[in-house]
Asker: 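So that we are looking at the same thing, I have put the structure below in C-alpha cells.
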Amino acid sequence: MTTDPGPWAIALHGGSGVEPSRDYSKAVAHLDGLVRRIAAHLEAGDAALDVVESAVAEMEASGLYVAGRGSAPSTAGVVELDASIMDGYRRRAGAVAAVANAVHPVKLARAVMDATPHVMLAGEGALAFAKSHGHPLVADPAGYYVLPPGVEAKDLSAALRHHGTVGAVALDTSGRLAAATSTGGLFGKLAGRVGDTPLIGAGTWADQTVAVSCTGSGEFFILAGGAQDVASRMRYQGSGLQASVDGLIEDVARLGGDGGVIAVTRSGEIAFACNTPGMKRAGASSSMAPFASL
Ligand code: ASP
C-alpha cells in the first residue's frame, strides 16, 4: 500500500534592509524564478534539507543579495561570511562563522553538519576545513564581489546597516522541515563580528514543528531569542504561526532592532513578518501558487 505524499511548502527571503526609493526588481524577479523551480522539486519529492541548501547556494552565487557574491568587506577590508543550516527532522545542524572568501558558505555549513561532530566552525578553523574539503574559495576578491542592485556605495560606510541576508525554509512531502540562512553580515562591521545568521536558534531554527530563518539587525535578533523563539511560542504558549513570528518581530522592535522572519510549519502553513519597509520574499506550497514580492 502506498501513502499519498503530504503537503509541501517553501518560503524564501532576500533580506529586509530595503529602502523604499530603491529598485529591487532584479532580486524579486530572481526570487520568483527560484521559488517556482523549488516548488517543482518539492512537488517531485525532493528533501527539504537539500532544497534549502540549493536555494541559498543559488542566492549566494547570484550577486543580488548581501550574501556570497554580493557581500561587502568588514572595516578591516576582508569579506567574512556567516551561514547555517538545520535539519529539523533529525535535529542536526551545521554552521560557519566569519569565514573569509568561501564561495558557498551554506554548503560549508552543510559539510560541517555532515562531516564533523560539531555544529559550528569559525574563522581560521573554518577556512582550514574549507580547504581540506576542497570547498571553492574566492581567489580574486576584487574581481568576484559585486554591489547588489538596491545597495549603494555609500551604504558600505554606513554604521551597521543590514541589507540582504538570504534564507530558505521548507517542508517536504515526507513531513520533514529544514532551514538555512547565509549572509555577508552588516555593513561597517568590525573584523570578527558574528551576527545571528550562523547561530543555531538565533538566525536559523528547524524542528519537527516549524522551520524559521531571520534577517535584520543581528545583535537584536540574538537578544530577542531569535528563530527558536518562534518555535517556543508555538510549543509552550500554543500560539499560531503568524502570532509567533509577529511576536518575535515585536520583541526585536522593542529592543531597538529591525528586520524580518520567514517560517513554515509541519502542516505547510507559511508566515512572514517584518518591521522594515519591506522584505524581499517568495513562497509557494501545495495549496498556494508561487509568489514573490517586496
Ligand atoms: N542578520 C544579518 C546579520 O546581522 C544581517 C541581515 O540580515 O541582513 O549579520
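Note that ligands are numbered from 1 as they come in the structure, with each ligand's atoms numbered from 1 the same way.
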Asker: So is T215 polar-close to ligand 1, meaning N/O to N/O under 3.5 Å?
Answerer: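 N/O-N/O distance below 3.5 Å exists for this pair.
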
Asker: Roughly how far, to the nearest 0.5 Å, is CG of L64 from OH of Y24?
Answerer: 12.5 Å

Asker: State if G216 counts as touching ligand 1 under the rule of any non-hydrogen atom under 4.0 Å.
Answerer: yes

Asker: Can N101 and Y145 be counted as having a side-chain donor-acceptor contact under 3.5 angstrom?
Answerer: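 The criterion, which ignores hydrogens and geometry beyond distance, is satisfied for Y145 and N101.
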
Asker: Would S74 and E80 count as having a side-chain donor-acceptor pair, cut-off 3.5 Å?
Answerer: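 Absent: no donor and acceptor within the cut-off.
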
Asker: Is it true that E60 and K107 make a salt bridge, defined as a side-chain N closer than 4.0 Å to a carboxylate O?
Answerer: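 Between K107 and E60 there is no salt bridge, as every charged N stays at least 4.0 Å from the carboxylate O atoms.
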
Asker: What protein heavy atom sits nearest atom 9 (O) of ligand 1, and how far off is it?
Answerer: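 Here the nearest protein heavy atom works out to R193 NH1, 2.7 Å.
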
Asker: How about S232 and Q228: does a side-chain donor come under 3.5 Å of a side-chain acceptor?
Answerer: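 Judged by distance alone, the side chains do pair up.
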
Asker: Which of the atoms in ligand 1, numbered in the order shown and given with their element, are less than 4.0 Å from a heavy-atom of T197?
Answerer: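 Checking each atom against T197, I get 1 (N), 2 (C).
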
Asker: Taking the side chain as every heavy atom from C-beta outward, state whether V261 and F272 have any pair of such atoms under 4.5 Å apart.
Answerer: no

Asker: Please could you name the atoms of ligand 1 that D196 approaches to less than 4.0 Å, counting only its heavy atoms?
Answerer: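 This gives 1 (N), 2 (C), 3 (C), 4 (O) as the contact atoms.
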
Asker: Considering the heavy atoms of G164, write down every atom of ligand 1 situated less than 4.0 Å from one of them.
Answerer: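 Here the atoms of ligand 1 in question are 8 (O).
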
Asker: Side chains of V106 and R110, heavy atoms from C-beta outward: is any pair under 4.5 Å?
Answerer: no

Asker: Taking 4.0 angstrom as the limit and counting only heavy atoms of G185, give me the atoms of ligand 1 inside it, by number and element.
Answerer: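 Counting from 1, the qualifying ligand atoms are 9 (O).
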
Asker: Looking only at distance, does G218 have an N or O less than 3.5 Å from an N or O of ligand 1?
Answerer: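 It does: an N or O of G218 is found under 3.5 Å from an N or O of ligand 1.
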
Asker: So which protein heavy atom does atom 8 (O) of ligand 1 come closest to, and at what separation?
Answerer: T165 OG1, 2.9 Å

